[in-house]
Each structure stands twice: as structure tokens, then as C-alpha cells.
Amino acid sequence: MKIGITGCAGRMGRMVAAAVAGAEGARIAAGSEAAGSSALGQDIAALTGLPACGVKIVADAAKVFRASDAVIDFTAPAATLAHARLALETGTALVVGTTGLGAEHEDALQAAAKKAAIVRAANFSIGVNVILGLAREAARILGPEYDIEIVEMHHRHKADAPSGTALALGQAVALGRRVSLADKSVRARDGITGPRKKGEIGFAVLRGGDVIGDHTVVFAGEGERVEIGHKASSRSVFAQGAVRAALWTKGRAPGLYSMRDVLGFVG
Ligand code: NAD
């Protein structure tokens, strides 16, 4: 399969390039970077320390979509919006890892899903997708007597907060409790906030150093506390998951898919 990589010189883009180069049945077809990037014109594979593959990084993302069966996108929300429109135009499958997406971006992905297979995940690691299921089940069983707090920590460069994974965990526990996350989430606390309200789903965000991604869902009850957590120690887990998703799109009908679909989770 011909795989294109947008944002291929970024932290994740480089990992994805290495993962595609090492994957059976996949090859790097094209890659793009932001206009003005010093990576433009460089060989994609060489950028990651691999032997050159002869594919030079371009600024025109349309070329990437035309040259690929599937494109893997770990960029920024504005770029992902443009890439969703290109998926709609070309029918090329799109795997989206970018986080911090708003309603406008979601609408563009929904529109693209009418013509192309789109896989979107806040977190492509298999471990995180397992804890999403566990957190949902724990929330269902423990009920509102247990206060839910979601704690995440990431490296100092991360642009959005809370992380897409923390929000996905919030959605999972809200589903387990059959409530709307928008109604129950408390994204910040400062000053005289008063006692915690029953049923709140709290978020706490830490930023620093080179932390790749730590997430914990805390269920705090009277006399006990349950913690469900995940710590990523290498970005390669996200890249491997994204490549697996890209390979999975082969022959797939247009639609908006999740890692649950790719991994074949039931329930
Ligand atoms: P990064 O800043 O290192 O890389 C982003 C790259 O995209 C940069 O090289 C930038 O120049 C490039 N870019 C920006 N606009 C572009 C455009 N229009 N065309 C082409 N390239 C463009 O960031 P990162 O750490 O690699 O993270 C990227 C995104 O992926 C973030 O939203 C992050 O939260 C998300 N992420 C998701 C997962 C997951 O599993 N879903 C895992 C890690 C990171």
C-alpha cells in the first residue's frame, strides 16, 4: 500500500515514516511539511536516519493525497482541516491523529467520510484503547458515588489541553454513567471553588519535560480508590497503531472509523 505522511518532519511524522518503512505491505509514497519548513526537499526516510527512499518532502499536500492509497496525518488542527477536504476531493483514505480538533474540524471529517475511509483516534496505542474500555466499564459499575478525576501529563511542547486522550477517557466514563460529558466536565479549578459536586468528571493537566503521555482515571469512593492508568514510553506505539489503521483501510467502504473498529473490539 502507498502511504503518504503529512507533517512528516514532526515528532510523530518521523516515527510514522520509520513505522511505514518497517511495515510489511506498505511503502512511503509521499510526504508534506508546512510551507517554509526547513525539511522541504529532504528525503523522508533519511530524515529519520533510515537509508534514503527517494521521496522528497513537498509543501503541496494535494500531491500527497494523489500519490497515496492512505495518508497519515499528525499535524495541527488547521492543517488537518485542509487534509480532510483533500480526502473528500480525492477519496484517499485518511488516518487522523491530530488532537485539539473543534466542531469545524469534526464536520470536515464527517463530510470526508462520505467519500473516503477515515480513521480518527485521540490515541493510537493499543494499551490506551484497552483502558478506554476498562474505564467505561468501571464507571458503569462503580456509579456516581465514586468521584471521577482524569489526570494527564505530557511534554512541555504539547499545544492542546486536556489531551485528546484525556477527553476520550472522559467520554468513555460519561458513556459508562449514561451522562453527557459536556454537562459534567470540570476542566479547571482555581480559588474558592466550594465542595465538589456529585457526578462531576474532573480533569487535571500537567505539562513538563519530555513525558510522552501519562493518563490516569481515578475513581475516588468512601474508603477506597480505583486507578486505571497508562504510560507511554515511546511514540512508536502511536505510529505502529496509525500504520495498522492505514493498512486496515484497504478496500474499506467510506465512513468514519475508530481504533475500536480497527482492533475489532466488541461491545
Ligand atoms: P509536532 O509539532 O512535532 O509535529 C507536527 C508537524 O506538522 C510539524 O512538523 C509541522 O511543521 C507540521 N505541519 C503543520 N502544519 C502543516 C501543514 N499545513 N502541512 C504539513 N505539515 C504541517 O507535533 P507532534 O508531537 O508530532 O504531534 C502532532 C499532533 O499529533 C498533535 O495534535 C498531537 O497531540 C497529536 N498526537 C496524537 C497521538 C495519537 O495517538 N493520536 C499521539 C501523539 C501525538
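As the structure lists them, so they are numbered: ligands from 1, and atoms in each ligand from 1. Everything numeric here is computed off the predicted structure, so don't read it as measured data.
- In this structure, Asp147 pairs ionically with Arg196, as a charged nitrogen and a carboxylate oxygen lie closer than 4.0 Å.
- A salt bridge between Lys115 and Glu89 is absent, with no side-chain N of the basic residue lying under 4.0 Å from a carboxylate O of the acidic one.
- Within 4.0 Å of ligand 1, contacts by protein heavy atoms are made from Gly7, Ala9, Gly10, Arg11, Met12, Ser32, Glu33, Ala34, Phe74, Thr75, Ala79, Gly97, Thr98, Thr99, Ala121, Ala122, Asn123, Phe124, Lys158, Asp160, Phe238.
- For the residue pair Thr75/Thr80, the side-chain donor-acceptor check at 3.5 Å is satisfied.
- Checked for salt-bridge contact, Glu227 and Arg225 meet the test: a charged N lies under 4.0 Å from a carboxylate O.
- A side chain to side chain donor-acceptor pair (under 3.5 Å) check over residues 47-62, counting only residues at least two apart or in different chains, returns nothing.
- For an aromatic pair to be called close, the ring centres must be under 6.0 Å apart, and His105 with His83 fails this.
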